[in-house]
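Scroll down for the structure; my scribbles are underneath it.
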Amino acid sequence: MARRKKIYEGKAKILYEGPEPGTIVQYFKDDATAFNAEKKDVIDGKGVLNNRLSEFFMNGLAQIGVPTHFIRRLNMREQLVRSCEIVPLEVIVRNYAAGSMSKRLGIAEGTQLPRPIVEYCYKDDALGDPLVTEEHIAAFGWASQQDMEDILSLALRVNDFLSGVMLAVGIRLVDFKIEIGRVYDGDFQRLIIADEISPDSCRLWDIETGQKLDKDVFRRDLGSLTDAYSEVARRLGVLPQSNVSKPTLIN
């Protein structure tokens, strides 16, 4: 079997050249990082859970007409995705104050916001992914005005979908971040959801208890990250019960 060509390795995933032109194999690692990779660990089974959860969310978005890069899951840790040009922005949707917003604005964590607030960060690890405005985005040509309108629309549609799915299983969607990709069909460009949607990229709180079921468990040393992610998977019915407790097998 020929060795695959690695395209890129990030903090949580490795991208390999796909089997067909225009495709990429996305491999989910067990690595966990926080505070711009100042805190690191390897969490057994994390990559398996994120792969399966991201598949679940991407398929759900496709069913309601939201375009994504997801093609199919290949095995427990890998999925085949469409190659795309990543817009250099993290798109953050906030429903409740938490994390950096609480620190910046002095709003108590858990405060419901008057409406979903969409923020943008410039994707640059060396700079700590700084918060930017639409004026920065336009001035530096990271996205056009039409792109920004489309990105906002996509972000809010994802928010509606995720909020409803989570509410149905007793989880509050506090906030989440997504990445956007550009794909071209001839001269026509369209924007799609790329990267992943998982507890790594969302804040998820149990509605009744406020228990955190996301990467804040790792950031704040609140217990087992695998247990938290497994609870999300269990409630959503993503993994069979027998696989949730030991999600480390690779096929």
Side-chain angles (χ1 to χ4, degrees), residues 7-13 15 26 32-39 54 57-58 61 66-69 81 83-163 173-184 189-204 214-216 218-219:
I7 299 171
Y8 171 79
E9 181 167 359
K11 290 176 281 191
K13 293 183 295 298
L15 303 182
Q26 185 166 259
T33 63
F35 312 118
N36 201 25
E38 290 179 12
K39 182 177 184 179
S54 192
F57 294 130
M58 294 289 186
L61 288 171
V66 176
T68 80
H69 73 161
V81 301
S83 178
C84 58
E85 175 189 322
I86 296 294
V87 177
L89 299 171
E90 289 184 348
V91 182
I92 302 165
V93 183
R94 300 183 182 274
N95 299 306
Y96 296 82
S100 61
M101 169 177 269
S102 291
K103 293 176 182 176
R104 284 198 318 268
L105 303 180
I107 304 174
E109 280 209 329
T111 302
Q112 186 169 4
L113 301 173
R115 60 179 176 83
I117 293 177
V118 181
E119 298 179 332
Y120 306 98
C121 290
Y122 177 54
K123 278 178 57 62
D124 189 315
D125 286 343
L127 299 175
D129 300 327
L131 192 69
V132 294
T133 67
E134 289 194 41
E135 183 70 13
H136 293 109
I137 295 166
F140 295 116
W142 297 326
S144 69
Q145 184 58 46
Q146 183 61 57
D147 286 341
M148 294 309 297
E149 291 175 11
D150 293 343
I151 287 170
L152 178 62
S153 175
L154 283 171
L156 293 177
R157 290 179 70 190
V158 173
N159 188 44
D160 286 344
F161 167 75
L162 290 179
S163 294
L173 179 67
V174 175
D175 59 37
F176 67 93
K177 67 179 179 181
I178 53 175
E179 294 188 15
I180 303 294
R182 291 189 182 98
V183 294
Y184 298 89
Q189 172 206 286
R190 63 192 179 100
L191 300 179
I192 62 174
I193 306 298
D195 193 46
E196 68 175 299
I197 299 176
S198 75
D200 265 11
S201 57
C202 304
R203 276 195 175 87
L204 307 171
D214 55 68
K215 202 163 75 168
D216 275 349
F218 173 70
R219 291 186 187 100

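Quick caveat, the model's predicted, so the values are computed rather than measured.
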Check your understanding: Below 4.5 Å, heavy atoms only, C-beta onward: do E109 and Y96 meet side chain to side chain?
Key -> no
Check your understanding: Charged N to carboxylate O below 4.0 Å: is that the case for D216 and R203?
Key -> yes
Point to revise | Pair E119 + R104, salt bridge at N-O below 4.0 Å | key: yes
Check your understanding: Does some side-chain heavy atom of H136 sit less than 4.5 Å from a side-chain heavy atom of W142?
Key -> yes
Check your understanding: Looking only at heavy atoms, which two atoms of L204 and D214 are closest? And how far apart?
Key -> N-OD2, 2.7 Å
Exercise for review: Nearest 0.5 Å please: distance from the CD1 atom of I178 over to the CD1 atom of I192.
Suggested key: 11.5 Å
Exercise for review: Provide the closest heavy-atom pair for I193 versus I197 in the form atom of the first, atom of the second, distance.
Suggested key: CG2-CD1, 4.2 Å
Practice item. For A194 and I86, work out which heavy atoms get closest and say how close. Key: CB-CD1, 3.7 Å
Check your understanding: Should we count NZ of K11 as having more than 12 external heavy atoms under 6.0 Å?
Key -> yes
Practice item. Output the distance between atom CG (D150) and atom CZ (R190), rounded to the nearest 0.5 Å. Key: 11.5 Å
Review point. Between V132 and L89, does a side chain to side chain contact (heavy atoms under 4.5 Å, CB included) hold up when you go through it step by step?
Key: CA-CA 9 Å; V132 294; L89 299 171; 4.2 Å; yes
Check your understanding: At what distance, to the nearest 0.5 angstrom, does CZ of F176 lie from CG of L162?
Key -> 5.5 Å
Revision key, fill the gap. Of all heavy-atom pairs linking Q26 and D195, the shortest is NE2-O, 3.1 Å
Practice item. Could you check V118 against L156 for side chain to side chain contact (heavy atoms under 4.5 Å, CB included), going step by step and ending with a plain yes or no? Key: CA-CA 8 Å; V118 181; L156 293 177; 4.0 Å; yes
Review point. Yes or no on side chain to side chain contact (heavy atoms under 4.5 Å, CB included) for K39 and F218, after CA distance, side-chain angles and deciding distance?
Key: CA-CA 9 Å; K39 182 177 184 179; F218 173 70; 3.7 Å; yes
Exercise for review: Tell me, with the steps shown, if N95 and N159 meet side chain to side chain contact (heavy atoms under 4.5 Å, CB included).
Suggested key: CA-CA 9 Å; N95 299 306; N159 188 44; 2.9 Å; yes
Review point. Stepwise, does the side-chain hydrogen bond (donor to acceptor under 3.5 Å, both in side chains) test hold for R219 with T33?
Key: CA-CA 8 Å; R219 291 186 187 100; T33 63; over 6 Å; no
Exercise for review: Kindly write out the residues that satisfy side-chain contact (heavy atoms from CB on, under 4.5 Å) with P130, not counting sequence neighbours, or none if the list is empty.
Suggested key: Y122, L127
Review point. With no hydrogens and no angle check, is any side-chain donor or acceptor of S201 less than 3.5 Å from a backbone partner on S198?
Key: yes
Study note, to complete from the structure: Scanning both residues in full, the closest heavy-atom pair of S102 with A108 reads OG-C, 4.0 Å
Check your understanding: Does any non-hydrogen side-chain atom of V66 lie less than 4.5 Å from one of F161?
Key -> no
Exercise for review: Supply the atom-to-atom distance S100 OG to L131 CG, rounded to the nearest 0.5 angstrom.
Suggested key: 7.5 Å
Study note, to complete from the structure: To the nearest 0.5 Å, atom CG of L113 lies from atom CE of M101 at 5.5 Å
Review point. Can you name the nearest heavy-atom pair linking E134 to Y120, along with the distance?
Key: CG-CE1, 4.0 Å
Review point. How many angstroms lie between atom OG of S54 and atom NZ of K13, to the nearest 0.5 angstrom?
Key: 7.5 Å
Exercise for review: Report yes if the side chains of V93 and D175 come closer than 4.5 Å at any heavy-atom pair, otherwise no.
Suggested key: no
Check your understanding: Does E179 pair with K123 as a salt bridge, N-O distance under 4.0 Å?
Key -> yes
Check your understanding: Got a sec, which residues hit salt bridge (Lys or Arg N to Asp or Glu O under 4.0 Å) with D124, two or more places apart in sequence or on another chain?
Key -> none
Check your understanding: Does some side-chain heavy atom of V91 sit less than 4.5 Å from a side-chain heavy atom of K177?
Key -> no
**Study point:** Residue list, salt bridge (Lys or Arg N to Asp or Glu O under 4.0 Å) with E149, at least two apart or on another chain
**Key:** none
